[in-house]
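Here the structure is laid out as C-alpha cells; the discussion comes afterwards.
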Amino acid sequence: MARSQADVVGTALVAGLACGAAAVGAPTAAMTVLGIALFIAPGYLLGQLLVGSRVAGLERAAVITGLALAVPALGGLLLYAAGVPLHRPGWLGLLAGLTLAGDLALFLRRRFGQVAPFTWQPSLHLPPWQVAAFAAAVLVAAGGVGLARTGVAIQPQSGFTQVWLSPQHQNERALSLGVGNDQGRTTSYRLVLLRNDRVSATWNLTLAAGRTWQRSVPLMNSAKVAARLYRLPDFTHPYRYVSIPAVTVAGP
C-alpha cells in the first residue's frame, strides 16, 4: 500500500516542507528547490486524476507540464479576484492547498480502485517523433523566455525627479521640502524656496541615482509657500514646481 501511494506521500511532504521552510525563513536555495517542487506537484496530481495511466512517456510529461502551468495562472486570477495579495503567503497557500486536496482525492480514488496505483517504470524506448516534438517545444519555450528577458533588459526607462512640499504631521508649524533623484544617474539641481512669490532660500544639490534630499522649513502665517526645481544646467525653465496656498497657522 505504501509503495502504491508513494507519489501521494511525496507531494504531501513537499507541501508540508515548503510551508515549514517559509515559516522559519529557510535559505533562498532551499526555498527555490521546494518552490519548484510545489509548482509541479498540483499539475502532477491533476494529471494522475484526469488521465491516469492512459498516456505514458512524453505525452504524460506534456500533460503534467500543461497542468502545472495552468494551475498558477488560473489560481492567480482567482486570488486577484478574491482580493488576496499575490505575495509569497498567497501563492504558498494556493499551491500547498491544491496539492493536499489533490493528494486526498488521489488517495481515496486509489483506495476505491478508480485510479491505478503508483508505479515507476521509466521507458527509454521513445518514438523519435515524440522526442523531436518535445525538444522543439523546449527550445521554443526557452527562446520565448530568453527573448522576453532581453526585451525587458533593453527597454528604455525614462528617468524622473520628484519634489515635494508637504505639511509635517508631527509639527503643524513646519513643511517637509524634499527632492528625490530617479533619473538613473547623478544629477545636479537648483532648488528655490519662495514665500509670497519672493525667493526665501536657494540650494544647489547634486544627488546620486536613487538618493533623496530633505529639509524642514518653517510655515509662516498667511504666507504662500512654493518651490521651484531646476535641473542644471538649465536655470531658466523650472523642471518641477510645487506650492501650498497661504494658510493660518494655529496658535500654541
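In this structure, Leu79 is a member of the same hydrophobic cluster as Leu92, with clusters built from ILVMFWY side-chain heavy atoms closer than 4.5 Å. Residues Tyr80 and Leu94 are members of separate hydrophobic clusters, defined by side-chain heavy-atom contacts under 4.5 angstrom among Ile, Leu, Val, Met, Phe, Trp and Tyr. Residues Phe39 and Trp91 are members of separate hydrophobic clusters, defined by side-chain heavy-atom contacts under 4.5 angstrom among Ile, Leu, Val, Met, Phe, Trp and Tyr. Val217 is not connected to Trp164 by any chain of hydrophobic side-chain contacts under 4.5 Å among Ile, Leu, Val, Met, Phe, Trp and Tyr, and they are in different clusters. The hydrophobic clustering, which links ILVMFWY residues whose side-chain heavy atoms are closer than 4.5 Å, places Leu191 and Leu175 together.
From Cys19, atom SG reaches atom CG of Leu100 across 7.0 Å, with rounding to the nearest 0.5 Å. Atom CG of residue Leu177 and atom CG of residue Leu229 lie 9.5 Å apart, to the nearest 0.5 angstrom. Taking CG of Leu194 as the start and CZ of Arg228 as the end, the distance is 5.0 Å to the nearest 0.5 Å. Put simply, CG on Leu50 and CG on Leu67 are 6.0 Å apart, with the number rounded to the nearest 0.5 Å.
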Problem - Full working for side chain to side chain contact (heavy atoms under 4.5 Å, CB included) between Gln214 and Thr212 - result: CA-CA 7 Å; Gln214 186 170 340; Thr212 61; 5.6 Å; no
Practice task
Could you please spell out the steps behind the side chain to side chain contact (heavy atoms under 4.5 Å, CB included) verdict for Leu98 and Val71?
Solution key: CA-CA 9 Å; Leu98 289 176; Val71 166; 3.4 Å; yes
Practice task
Would you please test Leu193 and Val225 for side chain to side chain contact (heavy atoms under 4.5 Å, CB included) and show each step?
Solution key: CA-CA 7 Å; Leu193 179 68; Val225 184; 3.7 Å; yes
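For the pair Arg231 and Tyr239, the cation sits on the ring face: its NZ or CZ lies under 6.0 Å from the ring centre, inside 45° of the axis.
When all heavy atoms of Met31 and Ala22 are compared, the pair lying nearest together is SD-N, 3.8 Å. Taking every heavy atom of both residues into account, Val14 and Ala37 meet most closely at CG1-CB, 3.7 Å. Taking each heavy atom of Ser243 and Lys224 in turn, the nearest pair found is CB-CE, 4.4 Å. In plain terms, the two heavy atoms of Ser200 and Arg195 that are nearest each other are OG-NE, 3.4 Å. Scanning all heavy atoms of the two residues, the minimum distance from Ala209 to Gly184 falls at CB-C, 3.6 Å.
Classification of Asp234 and Arg190 as a salt-bridged pair fails, no side-chain N sitting under 4.0 Å from a carboxylate O.
Side-chain atoms of Asn181 come within 3.5 Å of backbone N or O of Leu207 as a donor-acceptor pair. Arg109 contributes a side-chain N or O that, together with a main-chain N or O of Leu49, makes up a donor-acceptor pair within less than 3.5 Å. In this structure a side-chain-to-backbone donor-acceptor pair under 3.5 Å is missing from Arg215 to Ser176.
Checking Thr99, Thr11, Asp103 one by one against Pro42, the side chain to side chain contact (heavy atoms under 4.5 Å, CB included) holds for a single residue, Thr99.
Two residues are said to be in side-chain contact when any heavy atoms from C-beta on lie closer than 4.5 Å; Leu106 and Arg110 meet this criterion. Residues Tyr189 and Thr206 have side chains not in contact (no heavy-atom distance under 4.5 Å, counting atoms from C-beta outward). Between Gln162 and Arg240 the shortest side-chain heavy-atom distance does not fall below 4.5 Å. The shortest side-chain heavy-atom distance between Leu17 and Leu13 falls under the 4.5 Å cut-off.
Around the CZ atom of Phe112, the shell of radius 6.0 Å holds no more than 12 heavy atoms that belong to other residues, nucleotides or ligands.
Remark: Trp203 engages Trp213 in a ring-ring contact (aromatic ring centres under 6.0 Å, His included) (not counting sequence neighbours).
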